[in-house]
Amino acid sequence: MQKIVVIGSSNVDTTLHVADFPKPGETINATKVTTAGGGKGANQAIAAAKSGAETYFISRIGEDADGEFMLRQLRACGVNTEYVQTTPRTNTGHAYINLDASGQNNIVLDHGANYSLTAADVTAAQDVIAAADVVLAQFEIPLAVTLAAFKIAKAAGKVTMLNPAPAERKIPAELLAVTDFITPNETEAAAITGVEITDEASLAQSCQALQELGVANVLITNGARGSYFSVQGQQAFVPASKVAVVDTTGAGDTFLGYLAGHLDADFANIKEAAIIASRAAAIAVQRSGAQPSIPMAQEVAEAMGGQL
Ligand code: RIB
């Protein structure tokens with residue numbers, strides 16, 4: 001069984017369902033308000049666990065009911081929470097999401113306890129990091145923490161996967177040097193490389209620009225269009241299934257958790273893993289909420305017409 005360690009954020013998501021996004025200076029009514037578990041880290045950990053991987057999550061929650069809610073969600077989905085710690089007198093991270101009628105969103109974060117995660121928290125988990133097949137992180141926690149985790153993983157010869165979200169214009173060379181695999185979406189890739197993504201040629205160009213920064217393996221997710229990878233000499237565009245979109249929140253996280261859960265250590269099965277991840281994300285976008293939308297492996301298998 002694949003062993004995954006995710007280092008990242010835990011958020012409770014409050015989603016304001018709106019017909020259209022408000023313009024600057026405009027006041028509008030939500031048609032509905034919903035709450036669900038979220039956070040890019042927690043979502044990816046849950047997706048990895050649901051894909052069938054043994055999954056450990058390193059994170060910080062606040063001393064509040066939201067933190068207890070997040071722990072229950074993670075445990076119910078089979079994520080090992082031994083390294084999810086509570087920061088006293090701090091609130092759990094919270095995301096405020098505007099979701100429009102087409103299923104697109106914009107998100108404002110209150111980072112809360114996510115920024116209290118430390119390199120010492122990662123050191124405390126060094127044995128599970130060193131035993132992982134893939135160590136996966138994003139940018140909703142302090143960058144120094146990701147760097148510490150990736151250094152431990154690389155010293156043990158393990159695969160590190162960086163999802164550079166939310167977008168960062170400049171990623172320190174020191175972090176890129178210990179990153180085996182980078183997985184931005186088209187917006188994040190453009191922020192890093194300056195290459196606007198409009199078609200397959202620009203996806204390839206963006207992958208090359210990321211590789212020139214020092215990361216050998218790149219996969220760019222491109223929303224409803226699909227994804228493009230350039231990995232160990234293999235390049236391909238994997239189209240997404242055409243489905244009726246309800247809510248895109250957490251779809252990218254679902255993709256990444258499933259990708260990490262299915263990727264072999266030598267990346268030779270990248271195309272197969274990307275197809276499985278894409279099918280999982282296509283199921284997620286047809287449902288509301290980040291964590292409630294993440295499918296079980298069995299559902300993904302059925303959507304693909306057989307066993308995974
Ligand atoms: O990627 C989606 C996630 O981004 C949401 O669940 C929200 O919490 C933010 O972290």
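Read the numbers this way: they start at 1 and go in the same order the structure lists the ligands and their atoms.
Here the side chains of V135 and I7 are in contact, with some heavy-atom distance below 4.5 Å. With contacts defined as side-chain heavy-atom distances shorter than 4.5 Å, the pair T35/V12 qualifies.
Checking only distances, T249 never comes within under 3.5 Å of ligand 1, N or O to N or O.
Between P164 and the choices N185, I182, L210, the side chain to side chain contact (heavy atoms under 4.5 Å, CB included) rule is met once, by I182. F255 pairs with exactly one of L219, T183, I276 by the side chain to side chain contact (heavy atoms under 4.5 Å, CB included) rule, that one being L219.
Under the 3.5 Å distance criterion, the side-chain polar atoms of S51 are matched with a main-chain donor or acceptor of A48.
Judged as a salt bridge (Lys or Arg N to Asp or Glu O under 4.0 Å), and not counting sequence neighbours, E68 has no contacts. Under the rule for a salt bridge (Lys or Arg N to Asp or Glu O under 4.0 Å), the partners of R287 that lie at least two apart in sequence or sit in another chain are E299.
Residue-level proximity to ligand 1 for E140 is carried by the side chain, the only part with a heavy atom below 4.0 angstrom.
Each of the atoms 7 (C), 8 (O) of ligand 1 lies under 4.0 Å from some heavy atom of A95. For ligand 1, the atoms lying closer than 4.0 Å to a non-hydrogen atom of G38 are 6 (O), 8 (O). Interface of G39 with ligand 1, defined as ligand atoms under 4.0 Å from a residue heavy atom, comprises 5 (C), 6 (O), 7 (C), 8 (O), 10 (O). Residue-ligand proximity, N43 to ligand 1, at heavy-atom distances under 4.0 Å covers atoms 2 (C), 3 (C), 5 (C), 6 (O). Near I107, the atoms of ligand 1 lying under 4.0 angstrom from a non-hydrogen atom of the residue are 4 (O). Less than 4.0 angstrom separates some heavy atom of A290 from each of these atoms of ligand 1: 6 (O). The atoms of ligand 1 that sit less than 4.0 Å from any heavy atom of G250 are 2 (C).
A salt bridge links D180 to K154: one of the charged nitrogens lies within less than 4.0 Å of a carboxylate oxygen.
Between F181 and F267, the two ring planes are perpendicular [angle over 60°; tilted spans 30° to 60°].
Considering only non-hydrogen protein atoms, atom 6 (O) of ligand 1 sits nearest to D13 OD2, 2.6 Å. Distance from atom 4 (O) of ligand 1 to its nearest protein heavy atom, with residue and atom name: K40 NZ, 3.0 Å.
Considering D253, T248, N11 only, the shortest heavy-atom separation from atom 2 (C) of ligand 1 involves D253.
No heavy atom of S9 sits closer than 4.0 Å to any atom of ligand 1.
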